[in-house]
Amino acid sequence: MRIRATVAAVSGTLALSALAVPAAHAGDEPVAPKASAAVAEAGDAVGAQGARRAAADVTVKDVTVNGGKDVVIGTTAKKKFSLAITASDPVGIKVSSGFLWLGPDLDTADLITPATEAEYNPTCVNVDDTTSTCTLNVTADPARLGNAGAGVRWNVYAAVRNNDDELVKPQGLKSDIRLKRASRLTVNASPEPVKKGKTITVSGALTRANWDTKKYAGYTKQSVQLQFKKKGASSYSTVKTVKSDSKGNLKTTVKASVDGTFRYVFAGTSTTPAVTSAGDAVDVR
């Protein structure tokens with residue numbers, strides 16, 4: 001089930017919770033983050049002139065998600081990762097916070113938000129007198145993701161408040177990473193033992209998380225390398241490239257020559273991370 005939420009105005013970031021954790025509707029559909037009343041009132045009190053100055057002077061210099069590394073998510077386990085917002089203003093930055101969203105607009109967006117109200121409160125570090133980096137954790141739940149969310153850059157909704165209590169919510173921010181569907185890869189070389197010169201069949205399967213069905217399924221028509229490491233050697237060499245079939249299965253044959261270990265290696269795609277199988281040793285007699 002995906003999050004379908006309507007984002008109410010986020011009037012500021014954290015006094016205690018400028019962004020409050022989404023509450024549950026009937027049917028467990030969370031609502032969008034909302035500003036606390038105290039912060040909303042503070043934001044309203046700034047006035048139009050202050051808001052215009054903040055919009056002109058507050059600059060988001062960088063948005064970093066998960067330290068710049070892609071986030072790999074399976075079918076059941078929630079994944080917590082960081083969202084860091086670096087912003088600048090001549091008067092300095094008090095606090096920044098936010099969340100990730102994906103969709104044509106915020107009214108129909110899928111969201112990745114902090115899992116608890118407390119996690120909307122970031123840890124902020126001053127870079128200098130005008131610039132601060134504020135970091136919070138957000139949590140992706142595969143129960144609320146769909147396959148369309150893999151391999152694309154999610155948007156970042158940010159709220160930044162400067163030291164004059166002026167608020168700005170920058171538009172058009174993008175995350176620097178992509179969410180990827182977790183992958184699995186297996187290998188089996190048979191028969192074992194095998195006579196020298198005889199045929200070894202090396203089978204396996206390439207699967208990945210399907211966020212629509214919440215199950216793992218075959219990743220079809222993908223190129224996978226079969227590699228071999230001679231007994232006593234320190235590294236693998238590529239033997240050939242094998243294509244996964246319509247169910248994600250792999251199968252090829254080689255001639256038995258020496259003792260060693262076979263494995264499959266998948267380089268990954270924009271939606272699916274690289275993965276390497278465990279090794280399967282063969283005893284050639």
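Numbers here simply count residues along the sequence, with the first being 1. Since the structure is predicted, the reported quantities are computational estimates derived from the model, not experimental observations. Just the heavy atoms: all of them, side chains too, but no hydrogens, waters or symmetry mates, feed the values below.
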Participant: Do any N or O atoms from the side chain of N163 and from the backbone of V91 form a donor-acceptor pair under 3.5 angstrom?
Facilitator: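 Yes, N163 side chain to V91 backbone: donor-acceptor pair under 3.5 Å.
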Participant: Within the side chain of S97, is there an N or O that forms a donor-acceptor pair under 3.5 Å with the backbone of Y120?
Facilitator: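 It does hold such a pair.
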Participant: So, does K180 use its side chain to make a donor-acceptor pair with the main chain of T269 at under 3.5 Å?
Facilitator: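 Side chain of K180 to backbone of T269: a pair is present.
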Participant: Could you grab the distance from atom CG of N155 to atom CG of L111, nearest 0.5 Å is fine?
Facilitator: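 Result: 11.0 Å between the selected atoms.
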Participant: Is any side-chain heavy atom of P122 less than 4.5 Å from a side-chain heavy atom of V95?
Facilitator: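 They are in contact (side-chain heavy atoms under 4.5 Å apart), so the answer is yes.
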Participant: Where do T131 and S88 come nearest, in terms of heavy atoms and distance?
Facilitator: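 Reported closest heavy-atom pair: OG1-OG, 3.2 Å.
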Participant: Taking E119 for its side chain and E117 for its backbone only, find out whether a donor-acceptor pair lies under 3.5 Å.
Facilitator: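 A pair under 3.5 Å: no.
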Participant: With the side chain counted from C-beta on, respond yes when L226 and V254 share a heavy-atom pair under 4.5 Å apart, and no when they do not.
Facilitator: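 Contact flag for L226/V254 side chains = yes.
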Participant: Side-chain contact test, heavy atoms from C-beta onward, threshold under 4.5 Å: evaluate it for T276 versus Y236 and give yes or no.
Facilitator: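 Counting from C-beta outward, T276 and Y236 never come under 4.5 Å.
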Participant: Is there a chain of hydrophobic side chains (I, L, V, M, F, W, Y, each step under 4.5 Å between heavy atoms) that links V125 to L136?
Facilitator: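 Different clusters.
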Participant: About how many Å separate OG1 of T241 and CD of Q227, when rounded to the nearest 0.5 Å?
Facilitator: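 Reported value, rounded in 0.5 Å steps: 9.5 Å.
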Participant: Should the heavy atoms of other residues, nucleotides or ligands under 6.0 Å from NZ of K196 be counted, would the total exceed 12?
Facilitator: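 No.
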Participant: Is the side chain of T113 donor-acceptor paired with the backbone N or O of F99 at a distance under 3.5 Å, no angle test?
Facilitator: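 Looks like no, no N/O pair under 3.5 Å.
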Participant: Could you pull out the closest heavy-atom pair between I177 and G68, with the gap in Å?
Facilitator: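 Looking at all heavy atoms of both residues, the shortest contact is CG2-C, 3.2 Å.
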Participant: Any side-chain heavy-atom pair from K251 and V242 closer than 4.5 angstrom?
Facilitator: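 K251 vs V242: side chains apart.
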Participant: If hydrophobic clusters are built from ILVMFWY residues whose side chains come within less than 4.5 Å, do L145 and Y216 share one?
Facilitator: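 No, because L145 and Y216 fall into different hydrophobic clusters, even though each may have its own neighbours under 4.5 Å.
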Participant: Check whether more than 12 heavy atoms from other residues, nucleotides or ligands sit under 6.0 Å from atom CG of D129, and answer yes or no.
Facilitator: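 Open.
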Participant: For the side chain of K240 and the backbone of T253, is there at least one donor-acceptor N/O pair under 3.5 Å apart?
Facilitator: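 Yes: the side chain of K240 pairs with the backbone of T253.
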Participant: Any heavy-atom pair between the side chains of V202 and V187 that's under 4.5 Å?
Facilitator: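 Counting from C-beta outward, V187 and V202 do come under 4.5 Å.
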Participant: Can you sort out the partners of F262 under ring-ring contact (aromatic ring centres under 6.0 Å, His included), two or more places apart, ordered by chain and number?
Facilitator: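 Here the qualifying residues are F228.
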Participant: How about N162 and K94: does a side-chain donor come under 3.5 Å of a side-chain acceptor?
Facilitator: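 No - no donor-acceptor pair under 3.5 Å links their side chains.
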Participant: Between the main-chain N or O of P142 and the side-chain N or O of K214, is there a donor-acceptor pair closer than 3.5 Å?
Facilitator: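 Looks like yes, one N/O pair under 3.5 Å.
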Participant: Classify the side-chain pair N137/S82 by whether it contains a donor and acceptor separated by less than 3.5 Å.
Facilitator: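 Looking only at side-chain atoms, S82 and N137 do not form any donor-acceptor pair under 3.5 Å.
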Participant: Is the shortest side-chain heavy-atom distance between L100 and V156 below 4.5 Å?
Facilitator: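 In contact.
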Participant: Side-chain heavy atoms nearer than 4.5 Å, only ILVMFWY residues, links allowed to pass through others: does that put V72 and V152 together?
Facilitator: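 No, it is not one cluster - the side chains of V72 and V152 are not joined through contacts under 4.5 Å.
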Participant: Indicate the atoms forming the closest heavy-atom contact of A209 with I73, along with that distance.
Facilitator: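 Looking at all heavy atoms of both residues, the closest pair is CB-O, 4.0 Å.
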Participant: Could you walk me through whether V275 and L206 pass the side chain to side chain contact (heavy atoms under 4.5 Å, CB included) test, one step at a time?
Facilitator: CA-CA 9 Å; V275 63; L206 175 64; 4.1 Å; yes
Participant: Could you tell me which non-hydrogen atom of P191 sits nearest to which non-hydrogen atom of T199, and how far apart they are?
Facilitator: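 Closest heavy-atom pair between P191 and T199: CD-O, 3.7 Å.
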Participant: NZ of K221 to CG of D245: how many Å apart, nearest 0.5 Å?
Facilitator: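 Taking NZ in K221 and CG in D245, the distance rounds to 8.0 Å.
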Participant: Is the backbone of G149 close enough, under 3.5 Å, to the side chain of W154 for a donor and an acceptor to pair up by distance?
Facilitator: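 Looks like yes, one N/O pair under 3.5 Å.
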Participant: Rounded to the nearest 0.5 Å, what separates atom CG in N188 from atom OG in S203?
Facilitator: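 OG of S203 is found 4.5 Å from CG of N188.
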Participant: Looking only at heavy atoms, what is the nearest atom pair of P273 and S183, with distance?
Facilitator: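 Looking at all heavy atoms of both residues, the closest pair is O-OG, 3.0 Å.
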Participant: Side chain of R178, backbone of G151: donor and acceptor closer than 3.5 Å?
Facilitator: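 Present.
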Participant: Of all the heavy-atom pairs spanning G146 and W211, show the shortest one and how long it is.
Facilitator: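 It is O-CE3, 3.2 Å.
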Participant: Any salt bridge (Lys or Arg N to Asp or Glu O under 4.0 Å) involving residues 253-267? Give me the pairs, sequence neighbours left out, ordered by first then second residue.
Facilitator: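 Passing the test, one end in residues 253-267: no pairs.
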Participant: Between D280 and E192, does the side chain to side chain contact (heavy atoms under 4.5 Å, CB included) criterion hold? Intermediate values first, please.
Facilitator: CA-CA 10 Å; D280 190 21; E192 299 174 49; 3.2 Å; yes
Participant: Look at the side-chain heavy atoms of Ile, Leu, Val, Met, Phe, Trp and Tyr, link any pair under 4.5 Å apart, and say whether I93 and L173 land in one connected group.
Facilitator: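 Shared cluster, yes.
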Participant: Before giving the answer on side chain to side chain contact (heavy atoms under 4.5 Å, CB included), spell out for K78 and D141 the whole-Å C-alpha distance, their side-chain angles and the decisive distance to 0.1 Å.
Facilitator: CA-CA 5 Å; K78 297 177 182 179; D141 184 351; 3.4 Å; yes
Participant: Between the side chain of S277 and the main-chain N/O of Y264, is any donor-acceptor distance below 3.5 Å?
Facilitator: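 Yes.
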Participant: Less than 4.5 Å apart, side chain to side chain, heavy atoms only: is that true for L179 and K79?
Facilitator: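 Side chain of L179 against side chain of K79, heavy atoms only: no contact under 4.5 Å found.
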Participant: Are side-chain heavy atoms of R181 and N147 found at a separation under 4.5 Å?
Facilitator: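 With C-beta onward as the side chain, the pair touches.
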Participant: Go through the steps for L185 and L250 under the test side chain to side chain contact (heavy atoms under 4.5 Å, CB included), then give the verdict.
Facilitator: CA-CA 10 Å; L185 187 55; L250 300 161; 3.7 Å; yes
Participant: Treating Ile, Leu, Val, Met, Phe, Trp and Tyr as nodes and any side-chain heavy-atom pair under 4.5 angstrom as an edge, say whether V127 and V58 lie in one connected cluster.
Facilitator: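 No, it is not one cluster - the side chains of V127 and V58 are not joined through contacts under 4.5 Å.
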Participant: Measuring from atom CG of D105 to atom CG of D107, what distance do you get when rounded to the nearest 0.5 angstrom?
Facilitator: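 It is 5.0 Å, given to the nearest 0.5 Å.
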Participant: What is the distance from atom CG of L83 to atom OH of Y157, rounded to the nearest 0.5 Å?
Facilitator: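 Rounded to the nearest 0.5 Å, the CG-OH separation comes to 13.5 Å.
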